[in-house]
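Just so you know, ligand 1 is whichever comes first in the structure, and atom 1 is the first atom listed for that ligand.
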Amino acid sequence: MKLTDEEKKMLSGEYGEMVKKSMDILVTLGDIYGAKKMLKTNNVHSPGVSYRVTGDAGLNFVKEAAFKYNSCSKCSMTLNTIGIDYDKAEELGFSKEFTSKQRELLKAYEKIGALGTYSCTPYLIGNIPKFGEHVAWGESSAVAYVNSVMGARTNREGGPTALAAALTGRVPEYGYHLDENRLGDYLIKVETKLECDRDYGALGYYVGQIVGDKVPVFENIKDPTLENLKALSAALASSGAVALYHVKGVTPEAKINKNILKDDVEEIIFGEKEMGEVGRKFNKSGNVDMVLFGCPHASIEEIKKIAKLLKNKKIKSEIWVTTSKPVAELGERLGFNKTIRDSGAKIVTDTCPVLSETVRDYDLMLTNSAKMAHYAPGLWNLDTVLISMEKAIESAIDGYWGGDL
Ligand code: F3S
C-alpha cells in the first residue's frame with residue numbers, strides 16, 4: 001500500500017506506540033483487502049464499548065491506550081450503546097461489579113477524547129456525516145443507515161479498528177469506500193404495503209437472510225420516514241450482514257445514479273406471502289413478560305407516539321423504551337417521559353437488553369424491532385413476537401398476546 005510521509009511516520013513510531021500499533025492494524029487490514037492507499041477520516045463511531053462485549057481484555061487495552069500512552073483521538077468520535085443506564089444503573093438492577101467496570105471503560109474512552117453519546121443512533125444526536133464523507137463506523141444498524149440513507153462511506157468497523165482510525169485519522173481504502181462496491185447486487189420488488197416500522201423490519205429481515213452481505217436495491221417503497229429506514233437498516237444487518245442498500249427514488253445514491261444496479265441481477269419479490277412468513281416466524285401467544293421499543297435507540301417521534309398510546313393507561317407487562325440520553329432529555333422536557341412513566345413503563349438510556357448484563361427469567365417478549373426479535377431468543381431463551389407498536393402496547397395493557405397479527 002502506498003503511504004504518505006505522514007503515514008510512514010505514524011507507522012515508524014514517531015508519534016508514539018499506540019499510533020504505531022494503530023497504523024500497523026490499518027495497514028495489515030488494507031493489505032488483506034487490497035487497499036492501494038489510506039483515506040483521511042475525521043469521523044468515528046465506535047462499537048464495542050459495552051463491558052459485556054469487551055470483557056477485561058478490551059478494558060485493559062483501552063485503559064492502556066488512554067492512561068499509559070496518553071493517546072488522543074484525532075477525529076470526532078462518538079460511542080455506541082453501553083452495558084448500563086449510566087445514571088440509573090443501581091435502580092435498574094445492574095450489578096455493582098459490572099457497573100464499575102463499565103464506568104472504568106468509559107473513563108478511558110473519554111480520556112482519549114471520545115464523546116459519551118452511548119447510542120446506536122448517533123445520527124439522531126449530532127453525528128451527521130456529509131454525503132460521500134469517508135467515516136469509520138461500527139454497530140451494524142448504524143453502518144447500514146449511514147452508508148445507505150446518508151450516503152457517507154464506511155466499512156463495518158469493530159472496536160479495535162475504530163480506535164485505530166480515531167488515533168490516526170485514517171482508514172484503508174477498500175470495500176464500501178470505493179464506488180464499484182456500492183452498486184446493487186439484488187433488485188427487491190416490494191409488492192405489499194409497508195404500514196409501520198414493524199413492516200419495514202419484516203422486509204429487512206426477509207431480504208437480509210437471502211442477500212447476506214450483498215447490496216440490495218428496493219423499488220416501490222414510498223415516502224419512508226426516518227424511523228422506517230432505521231428499522232429497515234437494523235433488520236437487514238441482523239438476519240444478514242447488509243452494510244449498504246439503496247431505495248429507488250429515496251436514498252441519495254439511488255437518486256443520483258440511475259444505474260445503481262449491476263447488470264443481470266437477481267430479483268426478489270416481497271409481498272403478502274413473504275410478510276406472512278416473517279410474521280409466523282416471530283409469533284407466539286401467551287402472557288407477555290416484556291415489551292421492548294427503541295431498537296435501534298428511539299427517536300423523539302417514537303417517544304411521542306409511545307406517550308400518546310400510553311396516556312392514562314396502566315400496563316401489566318414490563319415495557320422498556322431504550323434511547324439515547326439527549327433524546328430522553330427532550331422527551332422529559334416535552335412531558336412525554338412522564339406520561340410513559342405514569343403508565344408503569346420505563347425509559348432506559350444508554351443501553352439496551354442485548355448489550356447489557358440483564359439476564360431475565362422471561363418467556364415472551366413483544367417488540368416492533370426485527371433486530372431485537374432476532375437476537376433476544378438466543379440471549380435469554382425466550383420467544384419473541386414481531387408486532388406493531390399499537391398492538392404491543394394493547395397487549396402490555398392486557399398482559400396477554402392472543403397471536404392474531
Ligand atoms: Fe441498538 Fe441494542 Fe438494538 S445496540 S440496534 S438497541 S440491539
Side-chain angles (χ1 to χ4, degrees), residues 45-54 78-86 92 94 102 105-106 116-125 127 137-149 154 156-159 162 197-198 200-201 204-205 208 226-243 282 290-300 302-303 306 319-328 346-360 365-380 382 384 386 389 392:
H45 178 66
S46 183
V49 285
S50 164
Y51 175 66
R52 182 173 183 184
V53 175
T54 62
T78 49
L79 296 180
N80 200 46
T81 311
I82 58 173
I84 55 171
D85 181 318
Y86 197 91
L92 288 165
F94 296 108
Q102 177 67 77
L105 180 62
L106 300 177
T117 45
Y118 314 149
S119 179
C120 50
T121 52
Y123 47 87
L124 294 180
I125 52 171
N127 189 345
W137 278 34
E139 162 49 39
S140 61
S141 68
V143 166
Y145 190 94
V146 77
N147 266 325
S148 315
V149 183
T154 185
R156 199 195 291 219
E157 304 295 349
D197 298 340
R198 179 259 177 212
Y200 279 82
Y205 191 87
L226 180 158
E227 290 76 13
N228 295 156
L229 294 171
K230 175 163 81 72
L232 178 63
S233 303
L236 284 163
S238 55
S239 65
V242 173
F282 297 112
M290 185 173 191
V291 173
L292 191 285
F293 300 123
C295 171
H297 275 174
S299 68
I300 192 65
E302 288 172 280
I303 291 188
I306 294 165
I319 296 184
W320 274 31
V321 182
T322 51
T323 190
S324 64
K325 189 80 178 167
V327 169
K346 293 189 177 99
I347 305 269
V348 177
T349 61
D350 315 314
T351 190
C352 80
V354 168
L355 289 179
S356 67
E357 56 145 17
T358 38
V359 179
R360 297 179 172 262
M365 174 196 270
L366 311 189
T367 179
N368 65 344
S369 161
K371 178 170 180 178
M372 186 56 66
H374 176 69
Y375 284 116
L379 287 169
W380 305 300
L382 45 62
T384 48
L386 179 60
M389 185 181 277

Quiz item: Backbone or side chain, does Cys352 get an N/O/S atom under 2.8 Å to atom 3 (Fe) of ligand 1?
Solution: no

Quiz item: With no hydrogens and no angle check, do the side chains of Thr78 and Asn127 hold a donor and an acceptor under 3.5 Å apart?
Solution: yes

Quiz item: Near Gly294, which atoms of ligand 1 are under 4.0 Å from a heavy atom of that residue?
Solution: 6 (S)

Self-check item: Element-labelled atoms of ligand 1 that are located less than 4.0 Å from some non-hydrogen atom of Val354
Solution: 7 (S)

Quiz item: Between Thr323 and Ala328, which heavy-atom pair has the shortest distance, and what is it?
Solution: CG2-CB, 3.8 Å

Quiz item: Which heavy atom of the protein is the closest neighbour of atom 4 (S) of ligand 1, given with residue, atom name and distance?
Solution: Thr81 OG1, 3.4 Å

Self-check item: Per-atom contacts of ligand 1 with Cys295, taking only distances under 4.0 Å to non-hydrogen atoms
Solution: 3 (Fe), 5 (S), 6 (S), 7 (S)

Quiz item: Backbone or side chain, does His297 get an N/O/S atom under 2.8 Å to atom 1 (Fe) of ligand 1?
Solution: no

Self-check item: Atoms in ligand 1 with a heavy atom of Cys120 nearer than 4.0 Å
Solution: 1 (Fe), 4 (S), 5 (S), 6 (S)

Quiz item: Could a heavy atom of Ser141 be found less than 4.0 Å from some atom of ligand 1?
Solution: yes

Practice problem: Ignoring hydrogens and angles, state whether a donor on the side chain of Ser369 or Thr367 is under 3.5 Å from an acceptor on the partner side chain. | Solution: no

Exercise. Could you walk me through whether Glu139 and Lys371 pass the salt bridge (Lys or Arg N to Asp or Glu O under 4.0 Å) test, one step at a time?
Key: CA-CA 12 Å; Glu139 162 49 39; Lys371 178 170 180 178; 3.0 Å; yes

Quiz prompt | Distance filter under 4.0 Å to Lys371 heavy atoms, resulting ligand 1 atoms | solution = 5 (S), 7 (S)

Practice problem: Please work out whether any backbone atom (N, CA, C, O) or any side-chain heavy atom from C-beta onward of Leu355 is under 4.0 Å from ligand 1, and answer side chain, backbone, both or neither. | Solution: side chain

Quiz prompt | Distance-only side-chain donor-acceptor flag, His297 / Thr322, under 3.5 Å | solution = no

Exercise. Decide side chain to side chain contact (heavy atoms under 4.5 Å, CB included) for Met389 and Glu227; before the verdict, give the C-alpha distance in whole Å, the side-chain angles of both, and the deciding distance to 0.1 Å.
Key: CA-CA 12 Å; Met389 185 181 277; Glu227 290 76 13; over 6 Å; no

Exercise. Give the ring-plane orientation class for Tyr123 versus Trp137, where under 30° counts as parallel, over 60° as perpendicular and anything between as tilted.
Key: parallel

Self-check item: Interfacing atoms of ligand 1 (cut-off 4.0 Å, heavy-atom, Glu139)
Solution: 5 (S)

Quiz prompt | Straight-line distance of Thr117 OG1 to Asn80 CG, nearest 0.5 Å | solution = 7.5 Å

